[in-house]
Visitor: 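Handing you a structure now.
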Amino acid sequence: MTRDLPHGVRPAPRRKAAARTARRPREAGEADRVTTILARLAERDPDPKAGFDRTDPFRLLVTVLLSAQSTGPTVSRIAEALFSEARDPAGMAALGEARITEIVRPVGLGPSKARNIVKLSAVLLAEHGGAVPCSAAEMRRLPGIGRKSAEVTANFAFHEPVIAVDTHIFRISNRIPLAPGPTVDAVADGLARIVPDAFKDNAHVWLFRHGRDICTARNPACPRCPVSDLCAWPSKATA
C-alpha cells in the first residue's frame with residue numbers, strides 16, 4: 001500500500017530514484033522468469049493454434065459468445081447447427097431471435113445469447129459493413145461481447161497481440177505467479193505488460209492448456225509440470 005502524502009508535498013528526489021533502482025533487479029528477474037516459462041511452454045507446443053479455423057471472424061466471434069458457461073463439445077455442436085442455418089450477420093438477423101434461441105438453448109443462457117447475436121449482427125451491418133472489426137477495443141463495443149470474447153477473437157482472427165484471460169489463466173497467473181491480480185482485468189493488464197511480444201500471439205493457448213491439463217484447480221500435476229522449478233506456489237506438490 002502506498003503512503004499518503006500531504007497535498008503539494010513530493011517525495012525527495014534521491015529517495016524516489018533509489019526506490020526505482022531497488023525495484024529494477026526484481027522486475028527484471030520476474031520478466032526473465034516469465035519469459036523462461038513461456039519459452040518452455042512454446043517448446044512443448046510450438047504450433048498451438050494448429051487445427052483452429054480462423055478464416056471466418058464472425059463465426060469465431062459468435063462461437064466464443066456461445067462458449068460462456070458451457071463446455072467445448074457442446075459449443076462446437078451448437079455452433080455447427082446454428083451456422084448451418086445462417087452464415088453471416090445478415091443471415092442471423094433474418095433468422096431471428098426466437099429461432100436462434102431454439103438452436104442455442106443447450107449451451108445455457110439461450111435467450112440472452114440469442115438476443116446478443118441478433119443485436120451484434122445488426123450493429124455489424126449498420127456500422128461495419130457486415131464485417132467484424134479487427135481490434136479487440138472495437139469488438140468490445142458490440143452487444144454481448146466482453147473483454148475475453150473480444151480478445152480471443154482479435155487474437156485468433158487478426159493476430160492482435162492481446163492475451164485473453166479465462167478461469168484457467170486467471171488461476172495460474174496468480175498461482176505460479178505470472179502477473180498476479182485480484183480481477184481478470186488486472187491479470188490481463190499485467191500479462192500485457194510482462195509477456196514479451198514474441199510470445200503474445202500464442203500465449204493465451206499455451207496458458208489455457210497449461211491450466212486445463214496440468215495446473216488444474218484441484219490436484220495439479222506438479223511433478224510433471226515443465227515449469228515447476230520456476231513456480232513459487234506454497235502448496236506445490238513435489239512428488
Side-chain angles (χ1 to χ4, degrees), residues 1-5 10-49 135-137 140 146-152 154-156 159-239:
M1 183 177 294
T2 57
R3 179 170 55 91
D4 290 334
L5 295 170
R10 297 178 180 177
R14 287 185 180 178
R15 294 183 63 185
K16 184 176 181 180
R20 265 204 314 267
T21 302
R23 284 196 298 268
R24 281 189 192 126
R26 181 177 181 275
E27 290 171 352
E30 286 299 298
D32 289 344
R33 189 176 67 89
V34 170
T35 298
T36 302
I37 288 170
L38 269 296
R40 289 187 190 177
L41 297 181
E43 185 178 2
R44 292 166 61 93
D45 192 4
D47 192 8
K49 291 178 181 175
S135 77
R140 290 177 69 180
R147 180 170 183 172
K148 187 192 83 170
S149 297
E151 292 188 340
V152 167
N155 177 245
F156 276 62
H159 295 283
E160 185 176 359
V162 289
I163 305 171
V165 176
D166 64 359
T167 302
H168 296 300
I169 296 174
F170 181 80
R171 178 178 66 255
I172 68 173
S173 189
N174 279 285
R175 177 186 281 174
I176 292 176
L178 299 171
T183 66
V184 167
D185 283 347
V187 169
D189 291 341
L191 289 173
R193 287 191 299 270
I194 201 166
V195 171
D197 290 345
F199 293 113
K200 282 181 178 175
D201 189 38
N202 293 315
H204 170 80
V205 185
W206 287 323
L207 297 175
F208 164 78
R209 288 177 177 167
H210 185 67
R212 180 195 65 187
D213 301 334
I214 294 179
C215 196
T216 53
R218 295 184 180 182
N219 302 317
C222 300
R224 63 182 180 89
C225 173
V227 298
S228 180
D229 59 310
L230 299 170
C231 176
W233 187 40
S235 301
K236 177 176 61 178
T238 57

Visitor: Using the rule given for side chain to side chain contact (heavy atoms under 4.5 Å, CB included), can you reason through V205 versus F156, listing the C-alpha separation, both sets of side-chain angles and the distance that settles it, and then say yes or no?
Guide: CA-CA 10 Å; V205 185; F156 276 62; 3.4 Å; yes

Visitor: Specify the closest pair of heavy atoms between S173 and V187, including all atoms of both residues, with the distance to one decimal.
Guide: OG-CG1, 3.4 Å

Visitor: Output all residues satisfying side-chain hydrogen bond (donor to acceptor under 3.5 Å, both in side chains) with T36, sequence neighbours left out; order by chain, then residue number.
Guide: none

Visitor: Check whether any side-chain N or O of R44 sits under 3.5 Å from a backbone N or O of W206 as a donor-acceptor pair, and report yes or no.
Guide: no

Visitor: Could I get the full list of ring pair (Phe, Tyr, Trp, His ring centres under 6.0 Å) partners for F208, not counting sequence neighbours?
Guide: H168

Visitor: Filter on salt bridge (charged side-chain N to carboxylate O under 4.0 Å, His left out), then keep only pairs touching residues 201-219, sequence neighbours left out; what's left?
Guide: D45-R209, K49-D201

Visitor: Provide the closest heavy-atom pair for R175 versus A217 in the form atom of the first, atom of the second, distance.
Guide: NH2-O, 3.4 Å

Visitor: Taking all heavy atoms of I214 and all of P226, pick out the closest pair and write down the distance.
Guide: CD1-CD, 3.9 Å

Visitor: Where do G190 and A179 come nearest, in terms of heavy atoms and distance?
Guide: C-CB, 3.5 Å

Visitor: Considering all heavy atoms of both residues, which atom of A186 and which atom of P182 are nearest to each other, and what is their separation?
Guide: CB-CD, 3.9 Å

Visitor: For R147, what residues pass the salt bridge (charged side-chain N to carboxylate O under 4.0 Å, His left out) criterion, not counting sequence neighbours?
Guide: E151, D185, D189

Visitor: State, yes or no, whether a side-chain contact exists between I194 and L178 at a heavy-atom distance under 4.5 Å.
Guide: no

Visitor: Mind checking the CD1-NE2 spacing from I176 to H210? Nearest 0.5 Å is all I need.
Guide: 4.5 Å

Visitor: Please report the interatomic distance CG(L38) to CG(L207), rounded to the nearest 0.5 Å.
Guide: 5.5 Å

Visitor: Rounded to the nearest 0.5 Å, how far does CD1 of I169 lie from SG of C215?
Guide: 12.0 Å

Visitor: D229: what forms a salt bridge (charged side-chain N to carboxylate O under 4.0 Å, His left out) with it, not counting sequence neighbours?
Guide: R40

Visitor: Could you tell me whether the side chain of R140 and the main chain of A150 form a donor-acceptor pair under 3.5 Å?
Guide: no

Visitor: For the backbone of G181 and the side chain of N174, can you confirm whether one donor and one acceptor N or O come within less than 3.5 Å of each other?
Guide: yes

Visitor: Partners of K236 by side-chain hydrogen bond (donor to acceptor under 3.5 Å, both in side chains), sequence neighbours excluded?
Guide: none

Visitor: Measure the CD1-CG distance between I163 and N155 for me, rounded to the nearest 0.5 Å.
Guide: 8.5 Å

Visitor: As an exercise, state the distance from CD1 of I172 to CD1 of I37, rounded to the nearest 0.5 Å.
Guide: 9.0 Å

Visitor: Specify the closest pair of heavy atoms between A154 and S135, including all atoms of both residues, with the distance to one decimal.
Guide: CB-C, 4.2 Å

Visitor: Sub-3.5 Å donor-acceptor pair from the side chain of S228 to the main-chain atoms of P223, do we have one?
Guide: no

